[in-house]
Asks: 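First the structure, then my questions, so here it is.
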There are 2 protein chains.
Amino acid sequence: MTGGPTRRRETRQGEAVRDALAQSEGFRSAQDVYAALRTEGENVGLSTVYRHLQALADDGDVDVIHTPEGETTYRYCGDAARRHHHHLVCRVCGRAEEIEGRAVERWAVSVADQHGYSDVDHTVEVFGTCSACQG
Amino acid sequence: MTGGPTRRRETRQGEAVRDALAQSEGFRSAQDVYAALRTEGENVGLSTVYRHLQALADDGDVDVIHTPEGETTYRYCGDAARRHHHHLVCRVCGRAEEIEGRAVERWAVSVADQHGYSDVDHTVEVFGTCSACQG
DNA sequence: CCTGGTATTGAAAACCATTCCCAATATCGG
DNA sequence: CCGATATTGGGAATGGTTTTCAATACCAGG
Ligand SMILES: [Mn+2]
Ligand SMILES: [Mn+2]
Ligand SMILES: [Zn+2]
Ligand SMILES: [Zn+2]
């Protein structure tokens, strides 16, 4: 085997899914994307939407957040997606701002260290109501 | 209406669910609790397990974490449950340590403030492998 | 003790996001 | 053009959770 990352074909459906996400300011679920595509006449199967979203996530092209309601939501973050960062998410409209906090990163590692935990990882999400959604 | 929090009856099932959780070091799913009860001969319906776990969560007696796999897990945190805190969770056995970080709390509020978000809330979970589960 | 009213239970069905299956279709190298 | 390979998508299956609702348990009065 020659190895190397298997590049995937550029398909109409894949492009449609990526575009739909890129057009959005915030986190969107697979169902959201599916509905949006369908609305604008772009015909893509639901399974295919799921597939491409997952592929995008695997490739690190989008960020993933699991909502408390149990939906998996995706957001196209551009180049920023590669750097480790977190989000400030509007719980009304889903809009999100990229945020980072060195202090938090250090804190997570140190507190895990103190308790003898290894392979440390963490999830940090800040929720609020964006200015557009207030009032 | 006279208002006031509706106290609920103390039932065998409710006590069983609470005890099962209290006996555990870590976060457990409804299915886990159901299986555990069933194993020890305690007969409680699955819906009832869900109901009581939810009630405990509503009353602030247990903490809730949604796993990336989409399961809702609960942990009895004693008095600590009332104070705002976070967890260092072993991703292998589910064991959890209570942790807190003033710096993180302040950071969350300030970053939301800077972006004009209101009603700020946040989720912070640190994952790792506990010393017992290493090697 | 009965007895009617209220709260709880739990089995089964409904829900719903996500995954799986697989035959039909599209695409590629030669 | 052809056979090999990859992708698609409709529908079925999954699995956690919620809902439904008839049976049961519990309560306060009478
Ligand atoms: Mn991002
Ligand atoms: Mn806790
Ligand atoms: Zn908003
Ligand atoms: Zn462990």
Side-chain angles (χ1 to χ4, degrees), chain A residues 1-21 27-59 61-75 94, chain B residues 1-21 27-59 61-75 94:
Chain A
M1 43 181 167
T2 58
T6 315
R7 181 135 310 140
R8 84 182 48 245
R9 285 178 188 157
E10 193 58 28
T11 66
R12 171 183 67 83
Q13 291 92 337
E15 205 172 347
V17 169
R18 181 187 296 255
D19 286 356
L21 254 202
F27 283 85
R28 298 283 172 257
S29 71
Q31 308 274 351
D32 286 346
V33 171
Y34 176 65
L37 290 178
R38 166 150 297 216
T39 294
E40 60 184 82
E42 198 70 54
N43 231 26
V44 182
L46 180 58
S47 338
T48 302
V49 171
Y50 273 103
R51 254 193 303 255
H52 281 286
L53 287 177
Q54 235 166 344
L56 287 169
D58 289 345
D59 295 353
D61 290 333
V62 302
D63 282 342
V64 183
I65 287 187
H66 300 273
T67 73
E69 292 76 38
E71 260 188 324
T72 305
T73 57
Y74 306 82
R75 177 170 196 259
Chain B
M1 43 176 168
T2 57
T6 316
R7 180 135 314 141
R8 86 183 46 249
R9 284 179 189 156
E10 193 58 28
T11 66
R12 171 183 67 82
Q13 292 93 335
E15 205 172 347
V17 169
R18 181 187 296 257
D19 287 355
L21 253 201
F27 283 84
R28 299 282 173 257
S29 70
Q31 309 273 350
D32 286 346
V33 171
Y34 175 65
L37 290 178
R38 166 148 298 217
T39 294
E40 60 186 81
E42 198 70 53
N43 230 26
V44 183
L46 180 57
S47 346
T48 303
V49 171
Y50 274 102
R51 255 192 303 253
H52 282 287
L53 286 176
Q54 236 165 340
L56 287 169
D58 289 346
D59 294 353
D61 291 333
V62 303
D63 282 340
V64 183
I65 287 187
H66 299 274
T67 71
E69 291 77 39
E71 262 187 323
T72 306
T73 57
Y74 306 81
R75 177 171 195 260

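Proteins get letters first, then strands, A, B, ... in listed order; numbering begins at 1 in each.
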Asks: Which heavy atom of N43(B) sits nearest a heavy atom of R12(B), and at what distance?
Replies: O-NH1, 3.0 Å

Asks: With side chains defined as the heavy atoms from C-beta onward, is the minimum distance between Q31(A) and E71(A) less than 4.5 Å?
Replies: yes

Asks: Using side-chain heavy atoms (C-beta onward) and a distance below 4.5 Å, is R75(B) in contact with I65(B)?
Replies: no

Asks: Should H52(A) and T11(A) count as side-chain neighbours, where that means a heavy-atom distance under 4.5 Å?
Replies: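 Sidechains of T11(A) and H52(A): in contact.
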
Asks: Could you measure the distance from the OG1 atom of T72(A) to the CD atom of Q54(A)? Nearest 0.5 Å is fine.
Replies: 8.5 Å

Asks: Find the distance L53(B):CG to dT8(C):C1' and express it as a whole number of Å.
Replies: 16 Å

Asks: Would you classify N43(B) as touching base, sugar-phosphate or nothing, given that sugar-phosphate means primed atoms plus P, OP1 and OP2, and contacts are heavy atoms under 4.0 Å?
Replies: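 N43(B): backbone/sugar contact only, no base atoms under 4.0 Å.
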
Asks: State whether H52(B) places a side-chain N or O below 4.0 Å from either non-bridging phosphate oxygen (OP1 or OP2) of dT9(C).
Replies: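 Yes, such a contact exists.
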
Asks: Measure the distance from CD on E15(B) to P on dA25(D) and round it to the nearest whole Å.
Replies: 18 Å

Asks: With Y34(A) as reference, evaluate L46(A), V44(A), T39(A) under the side-chain contact (heavy atoms from CB on, under 4.5 Å) test and give the passing residue.
Replies: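 Single pass found, and it is L46(A).
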
Asks: Could you state the OH-C1' distance from Y34(B) to dA12(C), rounded to the nearest angstrom?
Replies: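 Going from Y34(B) (OH) to dA12(C) (C1'), I get 12 Å.
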
Asks: Taking N or O atoms only and anything under 3.5 Å, show me the protein contacts with nucleotides 3-5 of chain D, one pair per line.
Replies:
none

Asks: Could you check how far CD of E10(A) sits from P of dT27(C), rounded to whole Å?
Replies: 12 Å

Asks: Enumerate the protein-to-nucleotides 16-22 of chain D contacts in which both atoms are nitrogen or oxygen and the separation is below 3.5 Å.
Replies:
| residue | atom | partner | partner atom | Å |
| --- | --- | --- | --- | --- |
| dT17(D) | OP1 | T72(B) | N | 2.8 |
| dT17(D) | OP1 | T72(B) | OG1 | 3.1 |
| dT17(D) | OP2 | Y50(B) | OH | 2.7 |
| dT17(D) | O5' | Y50(B) | OH | 3.4 |
| dT18(D) | OP1 | Q54(B) | NE2 | 3.4 |

Asks: With sugar-phosphate meaning primed atoms plus P, OP1 and OP2, does T11(B) contact a base, only sugar-phosphate, or nothing at under 4.0 Å between heavy atoms?
Replies: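 The residue T11(B) makes sugar-phosphate contact but no base contact.
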
Asks: Can you tell if the side chain of R18(A) reaches within under 4.5 Å of the side chain of L21(A), non-hydrogen atoms only?
Replies: no

Asks: Just by modelled atom types, is the S29(B) backbone N or O under 3.5 Å from a matching donor or acceptor in the D32(B) side chain?
Replies: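 Checking the backbone N and O of S29(B) against the side chain of D32(B), a donor-acceptor pair under 3.5 Å is found.
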
Asks: Side-chain N or O of Q13(A) less than 4.0 angstrom from OP1 or OP2 on dT7(D)?
Replies: no

Asks: Report the distance from atom OG1 of T48(B) to atom CG of L53(B), rounding to the nearest 0.5 Å.
Replies: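 One gets 10.5 Å once the value is rounded to the nearest 0.5 Å.
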
